[in-house]
Amino acid sequence: HQIHSRERHHGAPGRAERKEGALDRKPRLCARDGYHPPFRHGRGTLTQCRGEERLPQRIKDSGEKAVTSVNLFSDGAARGNPEGPAGYGTILQVIDGSGRKHEKELSAGFKKSTNNRMELLGCIAGFEALTRPCEVTVYSDSRYLVDAFNQHWIDSWQKKNWTRGKNEPVKNIDLWKRLLAAMAPHKVTFCWVKGHAGHPENERCDALATDAADHRAVLEDKVNETA
């Protein structure tokens, strides 16, 4: 599908990791098979970001079952928005049971799309890469993405059958619906970060997105709505 993926591992591998091969065989970014946390319903539970950014760590629910906490960073880019090439960049970050940090990078480029669609697709790509229910904190510099959830725009759009204002259709409905479906198994927190302000992961996502737009813009965006 012309989607670029790269994994990074930090620190010395633990005994369990050597046995299972960490992310080399199959990404294990979420909780164990068969576990469905109590917060799973609809599009998941949403909480707003407060305080300083927290590194992901393994936590336990009231039933003592392990849940993996994941940080999802994403960004989008578009050249000549909306008539030029575009791309997204995503980083998934998790700490395993031995305290070792793992990162998975995702990016893809499109022949023509909009910046807002790339912001959404970057977030979607991160969620769709997860294989188990998780607690996910999303970091994005897109108010379009973050405020849709933190300001409850998405709830209003759905109640009004995906319309807004004076009965105008919401743009990028296909991607909003896809994002909601991808979020459904997870407990999700959305945090806004200022773009181009030295945030390491945000800067890296921006570099991935712009590189994909500039050098790997080969995919077709089937629905190209001006946003």
Side-chain angles (χ1 to χ4, degrees), residues 27-63 65-76 88-96 101-106 116-159 162 170 172-195 199 201-202 204-205 209:
R28 301 183 65 85
L29 294 173
C30 300
R32 296 181 183 275
D33 285 318
Y35 173 62
H36 299 285
F39 46 70
R40 182 179 186 181
H41 65 90
R43 60 178 168 80
T45 298
L46 291 172
T47 56
Q48 294 193 26
C49 179
R50 294 183 177 87
E52 297 182 357
E53 176 184 331
R54 296 166 294 152
L55 286 175
Q57 56 185 336
R58 293 189 68 80
I59 61 175
K60 293 183 179 180
D61 70 356
S62 57
K65 293 182 179 180
V67 185
T68 299
S69 182
V70 176
N71 279 350
L72 191 165
F73 306 89
S74 63
D75 197 16
Y88 68 76
T90 304
I91 297 173
L92 290 169
Q93 200 176 76
V94 66
I95 303 294
D96 67 16
K101 183 171 74 174
H102 302 266
E103 288 184 352
K104 184 179 183 69
E105 294 182 348
L106 302 164
N116 281 343
R117 287 184 68 79
M118 293 300 102
E119 297 284 2
L120 291 173
L121 274 172
C123 189
I124 290 167
F127 277 108
E128 290 183 347
L130 301 177
T131 59
R132 309 286 186 273
C134 302
E135 288 202 346
V136 183
T137 304
V138 177
Y139 296 92
S140 172
D141 61 12
S142 170
R143 288 289 190 186
Y144 179 68
L145 170 62
V146 174
D147 285 354
F149 293 97
N150 288 350
Q151 300 299 325
H152 306 290
W153 300 345
I154 197 86
D155 300 317
S156 176
W157 296 341
Q158 291 181 93
K159 288 178 182 177
W162 293 100
V170 173
N172 305 313
I173 296 174
D174 60 320
L175 295 186
W176 287 116
K177 289 182 176 180
R178 184 174 163 188
L179 176 56
L180 289 173
M183 288 170 50
H186 310 288
K187 182 177 180 180
V188 183
T189 302
F190 280 88
C191 297
W192 180 80
V193 296
K194 186 176 181 180
H199 187 289
E201 288 84 4
N202 179 258
R204 177 59 183 163
C205 287

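Worth knowing before you read on, the calculation uses all heavy atoms, side chains too, and leaves out hydrogens, waters and symmetry mates.
- Summarising the geometry, atom CG belonging to Leu92 is positioned 5.5 Å from atom CG belonging to Leu130; distances are rounded to the nearest 0.5 Å.
- The CZ atom of Arg117 sits 4.5 Å away from the CG atom of Asp174 when rounded to the nearest 0.5 Å.
- The CE atom of Met183 sits 10.5 Å away from the CD1 atom of Ile124 when rounded to the nearest 0.5 Å.
- For Lys159, there are no side-chain contact (heavy atoms from CB on, under 4.5 Å) partners at least two apart in sequence or on another chain.
- Applying the side-chain hydrogen bond (donor to acceptor under 3.5 Å, both in side chains) test to Arg178 and every residue at least two apart in sequence or in another chain returns Glu128.
- Put simply, the side chain of His199 does not reach to within 4.5 Å of the side chain of Asp141, judged on heavy atoms.
- Between the OG1 atom of Thr90 and the CG atom of Leu72 there is a distance of 6.5 Å, given to the nearest 0.5 Å.
- Phe190 and Phe149 have parallel rings, their planes meeting at less than 30° on a 0 to 90° scale where 60° marks the start of perpendicular.
- Asn202 has its side chain out of reach of Tyr139: every pair of non-hydrogen atoms, C-beta onward, lies at least 4.5 Å apart.
- Considering only heavy atoms from C-beta on, Glu103 comes within 4.5 Å of Lys101 through its side chain.
- Residues Ile154 and Trp162 meet the side-chain proximity criterion, which asks for heavy atoms closer than 4.5 Å.
- In this structure, CZ on Arg143 lies 14.0 Å from CG on Asn116, to the nearest 0.5 angstrom.
- Legend: residues meeting side-chain hydrogen bond (donor to acceptor under 3.5 Å, both in side chains) with Trp176, ordered by chain and number and at least two apart, are Tyr144.
- How far NE2 of His102 is from CD1 of Ile95: 8.0 Å, rounded to the nearest 0.5 Å.
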